[in-house]
Structure formats: C-alpha cells, structure tokens
Number of protein chains: 2
Amino acid sequence: MRRLVELQQKLLPDLVQVLRERYMLLRSIDHLQPIGRRGLAQAMGTTERILRAEVELLKDSGLLHVSAAGMNLSVEGQQVLDEMEPLVGELFGLTDLAEQLQRLLGIPEVIVVQGNADQSPWVKEELGRVAARVLKQIVQENDIVAVTGGSSVASLAHHLSAAPVFKTVQFVPARGGLSERAELQANTLASQMAARTGASYHLLHVPDRLQPEALQTLKKEQQVQEVLNLLRQARIVLHGIGDAISMAKRRNHSEAEIAELQEKGAVSEAFGYYFNEAGETVHHMPTIGLQLEDVKKAESVLSIAGGESKAKAILSFAKQSCQNVLVTDEGAARSLLSARL
Amino acid sequence: MRRLVELQQKLLPDLVQVLRERYMLLRSIDHLQPIGRRGLAQAMGTTERILRAEVELLKDSGLLHVSAAGMNLSVEGQQVLDEMEPLVGELFGLTDLAEQLQRLLGIPEVIVVQGNADQSPWVKEELGRVAARVLKQIVQENDIVAVTGGSSVASLAHHLSAAPVFKTVQFVPARGGLSERAELQANTLASQMAARTGASYHLLHVPDRLQPEALQTLKKEQQVQEVLNLLRQARIVLHGIGDAISMAKRRNHSEAEIAELQEKGAVSEAFGYYFNEAGETVHHMPTIGLQLEDVKKAESVLSIAGGESKAKAILSFAKQSCQNVLVTDEGAARSLLSARL
DNA sequence: TATCACCGGGACATTTTAAGTCCCGATCAA
DNA sequence: TTGATCGGGACTTAAAATGTCCCGGTGATA
C-alpha cells in the first residue's frame, strides 16, 4: 500500500497537493462546524471564492451538507476524515515537515525528500534530483551561479540536464581546492554542471592552505581577480552544509585545529566558515573565494543537506538568514523538529 | 489498498481518471520510444499541446527524459510502469468495465459502481448516489423529468439534494399505481424527489389493471390528460430495468400470465413493457402513462440497474437503443461481459 | 557526406476556467 | 423583532489551458 502512495506521488504530484488541501478543509469544517463560507475562509487563510469552489465539490461528493446555519460534515464526511487520519502521515508527511521547518528555520522554501541520507545512499541522489529541479526553476538568463564542493552539490550536478536558458549561464566555483577528493571539489563540479547543461564555467586555481604572503600574491593574479569579480556578482549560490568536525577532518586539519574548533563550539561549516550553534563565525579558513558577505548579497541561496547527522549544522547555518531554499531529507527534518519540541 | 483509493476518490473524484491517463501515456511511450510529441499525440488520439503539458509534468518527476530523438522512459519511469502493472486491474477495473459495456451495449455513457447489488444491499445505495449525481449534472432549467417506480429509482430519490436549478423542474410519474409497495411507486418517488430538490411535481392517479372501458374513460379526464401531455415533453427519463418474471410476480400477475411471458421469452421489463432477449416487445401492460415512443423522444434516458440477476434484462433493454446513461454495478457488468466472451 | 524528416522548445492568439467582489433574500439566534 | 450571518447569484477581471505554427538543430538515411 505504501508503494501505491509513492507511485501516486511520482505520477500525480499535483493531485496529492489538492488532496492535502481538501483534507485540511474537511478537518477545519469538522472543527468549526457549523461554519459559513466567509468565516471558514478567514479561519483557513484563503479567500471566499476559492473556498466556495472546493466546498461545492465536497458537497457534490456528499461529504458535507450546507444549511442556512453553515456547513456541517455529513456522516460520510466524518467517516472519510476518520479513515484518512492514519494515512495522512504517509501522504503528506513530507510536506508537513517542510512547513514546520520553514517556520523553525525562517527559510522561505523548504523541501523535504523521503528517507535518511545517513542510512540510505540513494537519498542523497534524491536530494540532488530535487535540488536540480529547483535550480532549473529559478535560473535565469545571464545568471552567475556560485558552486561549492561536497557530495550534496555533486549529486545536484549529476541530475542536471540541458535547458536553453543555461546557454547564457556561468558556473563559478566558490572556492579553490580544499584538499578534498577531486570529484567533490568546486572546480570539478562547476565544470560538470556546465558540461551537462550547456552553460559556460570558470575555474579557480588556488591551492589550499597557503601562507598569507602567497595568498596575497595570488589574489592579485589577473585570472583569480576575474573569478572573484564574478563571484561577487553571483545571483545564485549552490552549497552544502557540513558538520564542522567532520569537515575539518576531511580537510586534514591538524588535531590541534580540530580541538580548537571543538572548544569554540563549531557545529557547522559552509564556504570555509565555521559557525557555532548561535550562528556566530568561530573560524574562517584563509583561502580565496566566495565570502559570506557575497552570499548574503546573492538573490537565491540554495542549500542542500540531508541526514540526521546534519541536523545541528543545518540549524546553525540557518541563523545566517541568507538561505532562500533548503533541500533536505526526512532524517534531518525529523531530528531538527524533535530536538525543538 | 482498495480503501485508500476509495477514500482518495471521494476527495478527488477524477484521481483514477488522471492516474489512468498518465499510466497509459507512460505505457505508450514505453512501447513507441523514442517518440516525439506529435507522433505520440496522434498515436494516443490527443492533441499535441495537451500531451505536452503531461509530458512536462512527467519529465519534471523524472519519469522520462527527452532528447532530440524523442522521449524515452527513464529507469525510474520504467520502474514505475512495472510496479503499476499489477495494480492496474484493481485500479481501473471499473472504468474498464464501463468502457467495455459502452461498446457492448451501445450506450454513450456507462458508470459501474463497485460491488454486487444482489449480495450487498449498500450497493443499491451507491447506485442511487451516483445516479443522483448524474441527474444533477444533466438537469436544466424547466426540465420535465419522467420518473418510474422501483427500488433503484427510489435509491436515487434518497440521494438527491436541493439545487437552485430544480426550482423550475417538474417531476412527473411515468405510470400510475402498479400494485407495488407504496414507497416504490412512481407517484411516491416523484413527490419525494420534488420535496428533496425543491422542484414541483405531479401525480398520476390511475389504478392498476383497469378494464379497457374504464381506461378509456380515465384517459379523457382533464387531470390525466395534463400529466400525459407533460410526459410526452419529458426531456429526462429516470427508470430502472426489471427482470421480467420477478417484476410480473411482484405485480401479482396470475400464474397463467407469467407462464405466457415465459413462453414468449420475456426477460426484461421497463415502463410496463416486457421485452425478450432480442429486445422485441412481447407484452405491454394496459395502463396509462409514459409510452416507449415518448422515451425514445426524450433527450436523456438514465437507466439504473444493478446485480448480476439484472444482467440479461439490461442487455435486452439496451436493444431499444434509447438510453444515454446507464448506472450499474460490478456484478451486472461482469456477468454481462463474461456471457459475451 | 548531404539531405530531409522529425524533434523539442518557443511564441502567441484564443478559449476556457478560476478567482475577486458585491449583492440579495432567507434563516437563525438573541 | 431585530440584526448578524448564511448560501447562492451575478458580474468582472485575472489566469491558466489549449490550439497552432514556427524555428534551429539532430539523427537517420540515402
């Protein structure tokens, strides 16, 4: 039966949304009955006319009847409501989670995919697929898209496909090499995305962990300057959110550095910045690339992070209030919400 | 699982229909891939633009991808298709049955509800509910609706509800008393329908089984004349279809009459006419009311009959080719179709 | 390798449907 | 009896769906 629900969501995503609205409507009526159109519209935060159409449909289905006193659920409507109760979680669970996260984190749009990336590898693919869809929706002509590294963003890259609009788009790596595996580095991903979509791309050839003098020298390089300029104009930023300690280890930080990060309470990492639970920057890796202030200037910041292990990191980074869209999974979402209850 | 679909269908009446269409679309693509929009539209008997919207949705769901060569199912799409296969029978069974009946009986619209009225009493209620919905859809201002007796039509009456359009509608009994229980007689039902919908109604006070002279006298009565006139102008006819022998018994025909009906091969009854398997009139009760020729002049004839015991009768009456809508049940439908295979 | 039919995506006019808004007589509660 | 609220109607406006044609490009075929 569960499988049927999943099939429906694949094949009828639009209808599931409608189903959800109708269910909520029934539930509201159940709660407020007898209630009139206008009162109900106000209570549900919708308009009178739009509600009217729905009510007429439900009336024709025999789920409610109307009288001069207002609307009441019919016996059948009550029954439908009762029988749907246990299915609601499955049918709409993810949407519900998303809405709760929107409120909790203050992010305009949150999308939750099924599963837990910590447990099931395919969930990361699903995150990427959904994030790719979001990107295709928000991308515009002549956009500059800043891209970080990491497995989440890599998964996004895998699921991009060509579209005409991408012809004028530029993908720009947000950072140089960060001692990670090549296939997860921003440079690689930017070029992959460009190849898949028909966009153009740039590379930022800056080795990781430079001495301050070398850094200054490189910053003056023509090529580097150009890329940095582009980054500052980025309209879209694609990035993952990392757990601070895991990221530090993956980047081969020394034991001492890691200890220092722990002492400072670092829980999340993004763009080379480490943040504590309150969202304060506790450390900043001295490399060249996209700066936090650039991210905040960007119009669309698309974050991708899944798995319950990322929950704290997601919460921490959300304090920056710079995200527009968060694509996450059930594992992270439930962990976040249960911690706050 | 079945219950889930039923629940959803109450809230989303065309869920199954849409699901069916999308499934067929996927299947067609699977079969014809790679195929372009225009080719596919032609193959599926739809238009390019409408197909395009569907394709875009499925593409966004990741079930298919498009290339310059045409569309192909994605791995996921193939998977969805495979997994739906075993569900198709159950999901679309009734729709399929309805379509097959449309072809077999030559009736423009056939609706099949779940169950078998012979076995489950509630199926008759469902028949009535669906038929009532159909009536509400087809009724227009100033309509004259001819109504026969019987339990099927009674069930329709129970499920009617008020609507503004009914204020100008007149319900007219198709026949006078027919020695049945009062609550199943046309007069009763016409008044019931009027009461429930806010329509007006007429009564036909003609006793059953009159001597020919008395019949002639009554026919000249002012009141009777008026009702007969209305019947002749009926735009909508609501009627059940009876099994010939059962009907004869219920109406207290004599043993001799029943034997005669059997001998003549009567299998169905409607409007006081008895028909054989070929659809020929083998007997006509000498009472006043709606004539078969009036039925054939009506724009909409809505037949209601369920239960496998009615299968033969339905087939027989369909030969009259006067029906526009048939509401029946699974029991009758399967019986009809298996007999013809 | 040249040709050509077919492909997807775009554009746009037109139709259809949804939605916003206000009104009215009926009905119920105070 | 009064007054607020109800459902349903009517009408305008906004938005979405649809029909239709075009274009540059791709892939198969000759």
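The figures here come from the full heavy-atom set of this structure, side chains too, leaving out hydrogens, waters and symmetry mates. We name chains A, B, ... by the order of the sequence lines, and we start the count at 1 in each one.
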**Student:** Would you mind reading off the distance between A:Ile35 atom CD1 and C:dT27 atom C1', rounded to a whole angstrom?
**Tutor:** 16 Å
**Student:** Both B:Arg37 and A:Arg37 contact DNA chain D. Taking the nearest nucleotide for each, which residue is further toward the 5' end?
**Tutor:** A:Arg37
**Student:** Counting just side-chain N and O atoms, does B:Lys59 come under 4.0 Å of either OP1 or OP2 of C:dG9?
**Tutor:**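 True: B:Lys59 side-chain N/O within range (under 4.0 Å) of C:dG9 OP1/OP2.
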**Student:** Please test A:Gln323 against A:Glu109 for side-chain hydrogen bond (donor to acceptor under 3.5 Å, both in side chains), starting from the C-alpha separation and ending with a verdict.
**Tutor:** CA-CA 9 Å; A:Gln323 297 157 287; A:Glu109 187 175 356; over 6 Å; no
**Student:** Is the closest side-chain donor-acceptor distance between A:Glu226 and A:His202 under 3.5 Å?
**Tutor:**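 Per modelled atom types, A:Glu226 and A:His202 side chains form no pair under 3.5 Å.
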**Student:** Assign each of B:Gly39 and B:Arg52 to its nearest nucleotide of DNA chain C by heavy atoms, then name whichever residue's nucleotide is nearer the 5' end.
**Tutor:** B:Gly39
**Student:** Provide, to the nearest angstrom, the distance between the CD1 atom belonging to A:Ile29 and the C1' atom belonging to D:dC6.
**Tutor:**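 After rounding, the gap between these two atoms is 14 Å.
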**Student:** Rounded to the nearest angstrom, tell me the gap between atom CG in B:Asp60 and atom P in C:dG9.
**Tutor:**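 The distance from CG of B:Asp60 to P of C:dG9 comes to 11 Å, rounded to the nearest Å.
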**Student:** Can B:Ser303 and B:His239 be counted as having a side-chain donor-acceptor contact under 3.5 angstrom?
**Tutor:** yes
**Student:** Whole-Å distance between C:dG9 P and A:Phe166 CZ?
**Tutor:** 13 Å
**Student:** Output yes when at least one side-chain N/O atom of B:Thr47 is less than 4.0 Å from OP1 or OP2 of D:dT18, else no.
**Tutor:**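 So the side chain of B:Thr47 is outside the cut-off, no N or O lying under 4.0 Å from OP1 or OP2 of D:dT18.
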**Student:** Would you mind reading off the distance between B:Leu64 atom CG and C:dC7 atom P, rounded to a whole angstrom?
**Tutor:**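 Spelled out: CG on B:Leu64 to P on C:dC7 is 15 Å.
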**Student:** Would you mind classifying the nucleic acid contact of B:Leu51 as base, sugar-phosphate or nothing, using non-hydrogen atoms under 4.0 angstrom?
**Tutor:**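 Answer is nothing: B:Leu51 stays at 4.0 Å or more from every strand.
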**Student:** Above 12 or not: heavy atoms from other molecules or residues under 6.0 Å from CD of B:Gln42?
**Tutor:**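 No.
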**Student:** Where the side chain of B:Arg49 is concerned, which of D:dT18, D:dG7, D:dG8 is the nearest nucleotide?
**Tutor:**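 Closest nucleotide to the B:Arg49 side chain: D:dT18.
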**Student:** Would A:Ser161 and A:Lys136 satisfy side-chain hydrogen bond (donor to acceptor under 3.5 Å, both in side chains), going step by step from the backbone distance to the final call?
**Tutor:** CA-CA 9 Å; A:Ser161 58; A:Lys136 284 182 82 169; 3.0 Å; yes
**Student:** Rounded to the Å, how far apart are B:Glu141 CD and D:dA10 C1'?
**Tutor:**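 About 14 Å, once rounded to whole Å.
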**Student:** Could you tell me the separation between the CZ atom of A:Arg38 and the P atom of C:dC22, rounded to a whole number of Å?
**Tutor:**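 Taking CZ of A:Arg38 and P of C:dC22, I get 12 Å after rounding.
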**Student:** Rounded to the Å, how far apart are A:Glu54 CD and C:dT17 C1'?
**Tutor:** 14 Å
**Student:** Which residue lies toward the 5' end of DNA chain C, A:Ala53 or B:Glu48, if each is placed at its nearest nucleotide?
**Tutor:** B:Glu48
